[in-house]
Amino acid sequence: MQTFMQTDRQKVAPHTLGVRVMVLTDQGDGRTCQRLVEYGSLVDATDDLHDAVATILRDRVGYDLFVMDCDAFGGIAGAEQAISALIAGDAKMRVMLVSREFDVPAYPLGRRTAVCLPEDVSDASFRIGFDHVLRDRAAVTMN
C-alpha cells in the first residue's frame, strides 16, 4: 500500500479538506491518484481488492471515500463485488468508480449510490464527481 500527500495545497472547497481516500488501482502513480492528491486529499492506494476492503473495514478513523479504477479488477462486476464486500462489512462511505465501461459521467443524487466516471473523463468532470460525492460531508474545523 502507498500513501500520498501533497504539501503545497491548492484552494479547495471547504467540504473537501482532509479527505481520506482509499484508491483501488493498478496504477498507484496514475492519473486518478494524482488528481486526488492535487485536491489535497490523503490518498492510500493499493492494487489488491481484498487488502482495500480489509483496510477500510478495520480502520478506526474511517475513510471518507473509496475510489476504484475498475478495469483492472473485473470492470463493473468487480466494482459490484467490492461494494458488496463493503456493505457486508457495514462500511458507510462514498464511492467513485472509474471505468472504460461507462460512456458518460453519472452523478446520482442518492447518498448511497456511486459516482461513475469514464476512464477518459476530463479533469473538470472528475472534479465535479469528487465534489458531488462529497457534497454532504461536513467541513473539517480545528479549534
Side-chain angles (χ1 to χ4, degrees), residues 1-6 8-141:
M1 183 180 318
Q2 300 173 343
T3 301
F4 302 91
M5 187 170 131
Q6 182 175 352
D8 58 333
R9 285 186 157 11
Q10 299 175 5
K11 188 171 184 164
V12 294
H15 67 272
T16 62
L17 294 175
V19 175
R20 292 188 66 222
V21 184
M22 172 58 72
V23 181
L24 178 60
T25 182
D26 63 332
Q27 301 173 9
D29 58 351
R31 190 67 191 129
T32 297
C33 288
Q34 289 176 5
R35 286 171 167 162
L36 294 166
V37 169
E38 288 171 7
Y39 303 158
S41 301
L42 177 60
V43 177
D44 291 332
T46 184
D47 61 358
D48 183 85
L49 172 65
H50 299 292
D51 183 42
V53 171
T55 301
I56 290 168
L57 294 179
R58 70 175 175 254
D59 186 80
R60 291 183 179 197
V61 176
Y63 284 90
D64 298 299
L65 178 61
F66 173 63
V67 179
M68 180 174 176
D69 284 333
C70 303
D71 297 331
F73 304 96
I76 295 172
E80 290 172 351
Q81 179 185 359
I83 292 170
S84 293
L86 291 170
I87 291 170
D90 201 31
K92 293 175 176 52
M93 61 187 322
R94 299 153 188 91
V95 176
M96 281 178 58
L97 305 173
V98 180
S99 175
R100 64 177 165 260
E101 294 182 51
F102 300 123
D103 295 325
V104 295
Y107 312 110
L109 295 178
R111 288 184 175 178
R112 301 280 294 180
T113 55
V115 167
C116 301
L117 303 172
E119 179 184 39
D120 60 351
V121 69
S122 69
D123 288 341
S125 291
F126 190 93
R127 181 59 197 233
I128 290 168
F130 179 76
D131 287 337
H132 182 78
V133 79
L134 294 169
R135 68 193 178 282
D136 64 340
R137 181 177 179 268
V140 175
T141 57

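The shown structure was predicted, so the numbers you read here are calculated from the model rather than taken from an experiment. Note that the numbering runs from 1 along the sequence shown for the chain. No hydrogens, no waters, no symmetry mates; every other heavy atom, side chains included, goes into these values.
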* Indicate yes or no for a side-chain donor-acceptor contact from Thr46 to the backbone of Ala52 under 3.5 Å, with no hydrogens or angles considered. => no

* **Reported CG-to-CD distance for the pair Leu86 and Gln81, which is rounded to 0.5 angstrom** => 10.5 Å

* Can you tell me how far the OG atom of Ser41 sits from the CZ atom of Arg35, to the nearest 0.5 Å? -> 13.0 Å

* Is there side-chain contact between Ile87 and Ser84, with at least one heavy-atom pair below 4.5 Å? -> no

* To do: Locate the shortest heavy-atom distance separating Val23 from Cys33; write the atom from each residue and the value.
  => CG1-SG, 3.9 Å

* **Atom of Ala106, atom of Pro108 and distance for their closest heavy-atom approach** => O-CD, 3.3 Å

* **Short side-chain to backbone donor-acceptor contact, Asp26 and Asp47, under 3.5 Å** => no

* Is the backbone N or O of Leu109 less than 3.5 Å from a side-chain atom of Arg135, with the two atoms forming a donor-acceptor pair by type? -> yes

* Are side-chain heavy atoms of Val95 and Ile83 found at a separation under 4.5 Å? -> yes

* Begin with the C-alpha distance, continue with both residues' side-chain angles, and end with the deciding distance and a verdict on side chain to side chain contact (heavy atoms under 4.5 Å, CB included) for Asp44 and Arg20. => CA-CA 8 Å; Asp44 291 332; Arg20 292 188 66 222; 4.1 Å; yes

* To do: Show your working on side chain to side chain contact (heavy atoms under 4.5 Å, CB included) between Thr32 and Gln27 and close with a plain yes or no.
  => CA-CA 8 Å; Thr32 297; Gln27 301 173 9; over 6 Å; no

* Asked: Should Leu117 and Phe102 be marked as a side chain to side chain contact (heavy atoms under 4.5 Å, CB included) after you check the CA-CA gap, both sets of side-chain angles, and the distance that decides it?
  -> CA-CA 6 Å; Leu117 303 172; Phe102 300 123; 5.8 Å; no

* Structure fact -> Rounding to 0.5 Å, atoms CG (Asp51) and CD1 (Ile56) come to a distance of 9.5 Å

* Can you list the steps and then say if Val115 with Arg94 is a side chain to side chain contact (heavy atoms under 4.5 Å, CB included)? -> CA-CA 9 Å; Val115 167; Arg94 299 153 188 91; over 6 Å; no

* If you measure from the Lys or Arg side-chain nitrogens to the Asp or Glu carboxylate oxygens, is any gap between Glu119 and Arg31 under 4.0 Å? -> no

* Asked: Is there a side-chain contact between Leu36 and Phe126, using heavy atoms and a 4.5 Å cut-off?
  -> yes

* **Rounded distance [0.5 Å steps], CG in Leu65 versus OH in Tyr39** => 11.0 Å

* Looking at OH of Tyr63 and CE of Met93, how far apart are the two atoms once the value is rounded to the nearest 0.5 Å? -> 8.5 Å

* To do: Determine the minimum heavy-atom distance between Ser125 and Ser122, stating which atoms define it.
  => N-OG, 3.1 Å

* What are the two closest non-hydrogen atoms of Ala85 and Val53, and how far apart are they? -> CB-CG1, 3.9 Å

* Asked: So does Arg127 pair up with Asp123, basic N to acidic O under 4.0 Å?
  -> no

* To do: Using a 4.5 Å cut-off on heavy atoms from C-beta on, say whether the side chain of Pro105 contacts that of Ile128.
  => no

* Asked: Considering only heavy atoms from C-beta outward, does the side chain of Asp48 approach that of Phe73 to under 4.5 Å?
  -> no

